[in-house]
**Student:** 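Got a structure here, written out as structure tokens. Questions coming.
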Amino acid sequence: MSTERMRELYYFDYAQDFGLSSFAGTLCSRTTLRTDVPVVLALAGAQADDEDYQLGRDVRLLLDSPLPDEVLHAVWLAAVRRCFDPADEGTGIRCWLRRVAEVCPPFTQEREMAEAEVLDEARPAVPEEELRGTVAAEIESAAAALRRAVAVPDIVPALLRVVREADADLGFRLFLRAAKAYSVPIGKEAYDRLLGIGELLAHPLVAVHDGLNVRWPPVDPGRRDFDLGRFGLPVLASVFHGTDWKYQGTVAENIRSLVGSDAVSAPGSYAAVLLEDVRRLLDSALSDEAVTALWRTASRRLYVDAAFDADEGFDADTRAWLERVARACRERLKEADPVYVPYLSPARTDLAGAVLREVREAARTDVAEVRDVARVLEDVVTTVDPDLGFRLLLQILFTHDVPVPEARRDRYRALAERLGFSPDHVDDQMPRRTD
């Protein structure tokens, strides 16, 4: 009978990689720096002192396991890319791990009762046998690539034994670390599965994707299945809605952050879809007044006083503002994929009628700002791109807090599915229900 174990909510305590896999990554990064015993132990102690208590737990987990020394030695060497081998210092692997454990003493974090209760409810509970099987399957899928790239004999069976005989979570992280250390190529489908395992185990997102050598498909401006919510012009509007963007940096820094936020997608993907949205509007027959009304309603920047605050004047000329965004997108694409030539994907004209009906239905709202821009949205749907018109409709309803009946929400979900949007995109932007 499969047992179920309550695991840590790692993303609550860690923003990046953590534990032994993080420590191994630190050692890998010291390619031109000294890595003798005192230095490595000092780095381990510093990581523990920086509230990474998982490092000590990981090391003690390996020490308490029935794994033979040759397995422990193999996974250590693969994780640190052979940059530090305790055998070269005349030390056995278990003796070495005990020394690391000594500088990372056990620690139980005290939490307030309310916080602890919330975290306990959110902790992942994963059947152990199911988790071991899932992680082992990914290691076996990558076995040929691991054997070719990782300069450690028998690394595949060693990782599998960690998963099956010690801990699947730690085995998963050591597998990722070895793949990163030796730039093992990972296919896009496998990458998506690895992200899914990381999400299942409540790992911070970057703990999985940072440093992986993913074989990305070509950049596609027509891609719509982004996992992380909104994309394109609606997310640009959401970034500059309100004043929070000022705490993230200058206008230029916010744009660069947005167009470069494709960490879990093919590099340049977010820039490509945003550039497509912007070019569709700029190259359309829409008047300057219509483009301005659309942008200001979507971003809710209807009453901007640049005379009062000079920072607020960045989009005073909407066409110039969108050209500025387009330049930033092209710069990001040149950096991410120098051979990529921007192009427009086919507009979804087959859904124009369905989207147009939703725009006209939404125009019956009591919210004046939505009514005022409805005609422009209709023109976007009929003369620019129904896909863009639908996403802007959702953005405007969401930004202006317009309640929507459940029947319409269901139609929005169905339209989003036909357009290829991810469920997360719809959840991120769906207007609230009618009370």
Side-chain angles (χ1 to χ4, degrees), residues 4-29 47-48 50-62 75 78-80 104 107 109 111 115-116 118-139 141-142 146 159-160 162-164 166-182 184 186-214 226-229 261-265 422-424:
E4 197 170 80
R5 170 180 163 189
M6 295 294 290
R7 292 183 173 272
E8 296 298 317
L9 204 65
Y10 292 117
Y11 62 71
F12 185 81
D13 291 318
Y14 306 106
Q16 300 178 354
D17 199 3
F18 54 91
L20 185 56
S21 50
S22 173
F23 179 55
T26 298
L27 295 184
C28 286
S29 68
Q47 184 168 321
D50 198 28
E51 300 185 353
D52 187 346
Y53 309 120
Q54 191 62 35
L55 174 55
R57 296 187 193 113
D58 286 347
V59 171
R60 279 181 281 277
L61 194 155
L62 292 177
V75 295
V80 302
C104 304
F107 181 86
Q109 190 165 357
R111 302 189 191 274
E115 181 182 76
V118 170
L119 294 181
D120 285 343
E121 289 180 3
R123 290 185 200 283
V126 188
E128 287 298 296
E129 285 303 317
E130 177 184 323
L131 180 60
R132 291 189 192 109
T134 300
V135 175
E138 292 306 321
I139 294 173
S141 175
L146 285 167
L159 287 170
L160 288 171
V162 173
V163 170
R164 292 165 176 158
D167 180 63
D169 182 310
L170 177 56
F172 175 64
R173 287 185 283 120
L174 290 175
F175 160 54
L176 289 178
R177 174 47 54 192
K180 295 173 184 180
Y182 286 92
V184 176
I186 303 293
K188 176 62 169 59
E189 291 184 358
Y191 171 68
D192 289 339
R193 295 194 301 268
L194 296 177
L195 286 179
I197 296 173
E199 183 177 3
L200 181 69
L201 291 169
H203 290 182
L205 191 62
V206 297
V208 177
H209 72 69
D210 269 16
L212 271 184
N213 177 24
V214 181
F226 291 99
D227 292 328
L228 301 180
S261 61
D262 43 34
V264 298
S265 304
S422 71
D424 192 60

**Student:** R173 and side-chain hydrogen bond (donor to acceptor under 3.5 Å, both in side chains): which single residue from D17, D58, D167 fits?
**Tutor:** D58
**Student:** Looking only at non-hydrogen atoms, find the nearest pair between C104 and A48 and report the distance.
**Tutor:** SG-CB, 3.8 Å
**Student:** Compare all side-chain heavy atoms of L62 with those of L20 and state whether any distance is below 4.5 angstrom.
**Tutor:** yes
**Student:** With a 4.0 Å cut-off on N to O distance, would you call R7 and E128 a salt bridge?
**Tutor:** yes
**Student:** Compare all side-chain heavy atoms of I197 with those of R193 and state whether any distance is below 4.5 angstrom.
**Tutor:** no
**Student:** Do R177 and F175 come within less than 4.5 Å of each other through their side chains, counting heavy atoms only?
**Tutor:** no
**Student:** Measure the CD-CG distance between E138 and L176 for me, rounded to the nearest 0.5 Å.
**Tutor:** 10.0 Å
**Student:** Would you say P204 and Q16 make side-chain contact, with heavy atoms under 4.5 Å?
**Tutor:** no
**Student:** When Y14 is tested against each of Y11, F12, F18 for ring pair (Phe, Tyr, Trp, His ring centres under 6.0 Å), which residue passes?
**Tutor:** F18
**Student:** Count the heavy atoms of every other residue, nucleotide or ligand shown that sit under 6.0 Å from CD of E115, and state whether that count exceeds 12.
**Tutor:** yes
**Student:** What is the distance from atom CZ of F172 to atom CG of L200, rounded to the nearest 0.5 Å?
**Tutor:** 9.5 Å
**Student:** Hey, could you give me each pair passing side chain to side chain donor-acceptor pair (under 3.5 Å) that has a residue in residues 198-210? Not counting sequence neighbours.
**Tutor:** D169-H203
**Student:** Measure the CZ-CG distance between F226 and D262 for me, rounded to the nearest 0.5 Å.
**Tutor:** 8.0 Å
**Student:** How long is the span from the CD atom in E51 to the OH atom in Y53, to the nearest 0.5 Å?
**Tutor:** 4.0 Å
